[in-house]
Every structure is written in C-alpha cells, then in structure tokens.
Amino acid sequence: MSATYNLFKNPGKGDNLHARQVNQYTVRIDALCEEISQISSFSSSDVKGVLEALKSRIAFHLKYGDIVELEGLGTFNASLKCPSLPTEKQITPHLVRFNKVVFRCSNELKKELRYMKVERADEPSRLKGYTEEKRKTNILNYIQQNNTISTLECRSINGCSKYIALKDLRTLLDEQKIVRLGYRANAQYGLKTREE
C-alpha cells in the first residue's frame, strides 16, 4: 500500500507544478483504538480510555505553559496571541489569549516516514479537481467501507471545499442513494436501504 500524490500548480509561480499528497481518509480515534487492540493485549475500550486520559493530561499541562513531549512522537506546546500595540504597558494580561497548539514532529517519527512509498494517483492530474461523478463514487465507496460519512470526510477524500462536499451529498440524497443521520454539525450520511 502506498501514499498517493497528484500535481498542482504553484500559486503565483506561472505554470510550475508541485506534488501534493492526495489524502485518502480521515482515521478517527475508534479506528485507531481497534487497530491498536489487534496488535496488543489491550481491548479497544482500554486503548480509548488511555487516549482520553492522555488528551486530558496534555490539555492540563498546556494550560500551565508546559511543553508536553511524547518521546518518539513529538512535542506539543500552546502559542499565544495579542493585539499589536506600541508599548508594553498597553499589552495587559486580559489582551493575551490562547492562539493554537503547535505540534513538532520528533526526529524518530520523521525517520520512519522518510522512506514512505508513494505512487501517482490513478486519476489524471487534479489541477481541476475530481469530476462530480468521481466525487460521488468516492463518497459511496467510503460509506460502503465505513458505514457512514461526514461532510469533513467528504472534503478529505475528494480534496474539495465544504460547499462542494455539501452539494455532492445533497445530490446523492436527491438521487435517494444515501440517507441523512443526525442533524446540523453532527450529521452523518449512510447508504439508503430498500426498506427506507
């Protein structure tokens, strides 16, 4: 199994091209827990419990300004932001806020990825993106393998905007190939069965 890439135009650099990985799927925590349980003596729920506890402890330490290092994986630290003002006195503590979590990959993990196997994606160059039919086929294939799909997962597998992902899902709903499960931000989509 290989990672796949396609070629894209460099913005503002004429017709030069660069390779960009074509992400296949978003691997979620439940899938990771199941995979880990298959290669260890821990159950999937044990792994999920440990990961939840780890997330909680990372958040705790980041809140107090610590750098959290997971040896072999990388380091996490929180970055801050504040308005740009001319004097130190003007930048009071209430103006300084959390910005984002910065992850720095460890050298050990980089070494493991250095020789990743890559191949050109089956599709011709995605300079213009997938066709609607190809995007819809990708969505249906993903649902067959994973039972449901979210808008975010549609964007990930098709490399498209939220607008295009929602449009494709609406089309598949209109064609009665899929059904909507849940509402608003939590909406998932599954294959329509004959009974529905």
Side-chain angles (χ1 to χ4, degrees), residues 1-38 44 47-48 51 55 73-74 76 99-105 109-110 112-196:
M1 195 169 176
S2 304
T4 57
Y5 69 90
N6 249 317
L7 301 176
F8 298 82
K9 283 186 180 176
N10 291 330
K13 294 187 179 177
D15 292 330
N16 290 347
L17 302 173
H18 69 277
R20 187 187 305 162
Q21 183 168 315
V22 178
N23 295 321
Q24 299 301 317
Y25 302 111
T26 300
V27 181
R28 304 218 175 271
I29 195 166
D30 287 340
L32 284 175
C33 291
E34 188 58 39
E35 288 174 12
I36 293 169
S37 76
Q38 289 173 5
S44 180
V47 176
K48 190 166 188 177
L51 291 178
K55 178 181 75 173
L73 185 60
F76 297 85
N99 182 29
K100 61 183 177 181
V101 174
V102 178
F103 172 73
R104 290 184 180 85
C105 182
L109 184 55
K110 284 180 187 173
E112 284 195 40
L113 297 174
R114 189 167 290 148
Y115 301 105
M116 70 188 287
K117 200 173 168 189
V118 295
E119 61 185 37
R120 183 84 179 264
D122 292 337
E123 302 297 313
S125 178
R126 286 180 57 210
L127 297 176
K128 295 183 180 176
Y130 288 134
T131 63
E132 181 182 346
E133 284 309 308
K134 176 59 180 169
R135 292 194 310 268
K136 284 160 51 180
T137 300
N138 288 346
I139 291 168
L140 294 172
N141 288 342
Y142 184 92
I143 296 173
Q144 284 176 338
Q145 292 174 13
N146 300 277
N147 297 322
T148 61
I149 194 167
S150 66
T151 308
L152 183 63
E153 287 160 343
C154 285
R155 293 177 64 185
S156 175
I157 64 172
N158 286 324
C160 65
S161 67
K162 183 178 180 181
Y163 170 80
I164 295 291
L166 288 169
K167 180 176 175 287
D168 291 339
L169 290 166
R170 274 195 301 271
T171 303
L172 288 167
L173 283 167
D174 292 343
E175 293 171 355
Q176 298 190 348
K177 292 182 179 174
I178 63 171
V179 290
R180 185 175 175 148
L181 312 164
Y183 296 94
R184 296 194 178 108
N186 296 322
Q188 294 279 322
Y189 300 84
L191 291 177
K192 185 174 178 68
T193 61
R194 287 181 183 170
E195 299 81 43
E196 291 171 317

Q.
For R135, is there an ion pair with E132 - N to carboxylate O distance below 4.0 angstrom?
A. no
Q: Could you check if a side-chain atom of Q21 sits within less than 4.5 angstrom of a side-chain atom of T4, using non-hydrogen atoms only?
A: no
Q: Give, for atom CD1 of I143 and atom CG of N138, the distance between the pair rounded to the nearest 0.5 Å.
A: 11.0 Å
Q | Euclidean distance, D174 CG relative to L169 CG, rounded to 0.5 Å | A | 11.0 Å
**Q.** F76 CZ to R104 CZ distance, which is reported to the nearest 0.5 Å
**A.** 11.5 Å
Q) From D168 CG over to L173 CG, what is the distance, rounded to the nearest 0.5 angstrom? A) 11.0 Å
**Q.** Nearest atoms (heavy-atom pairs only) where K136 meets E175
**A.** NZ-OE2, 2.8 Å
Q. Given side chains that start at C-beta, do those of I149 and I157 come closer than 4.5 Å, heavy atoms only?
A. yes
Q | Minimal non-hydrogen separation, M116 against A3, with atom names | A | CE-CB, 3.4 Å
Q. Roughly how far apart are Q188 CD and T151 OG1, rounded to 0.5 Å?
A. 8.5 Å
Q: Considering non-hydrogen atoms only, spot the tightest contact between V118 and Y5 and give its length.
A: CB-CD2, 4.3 Å
Q: Output the distance between atom NE2 (H18) and atom CG (L7), rounded to the nearest 0.5 Å.
A: 8.5 Å
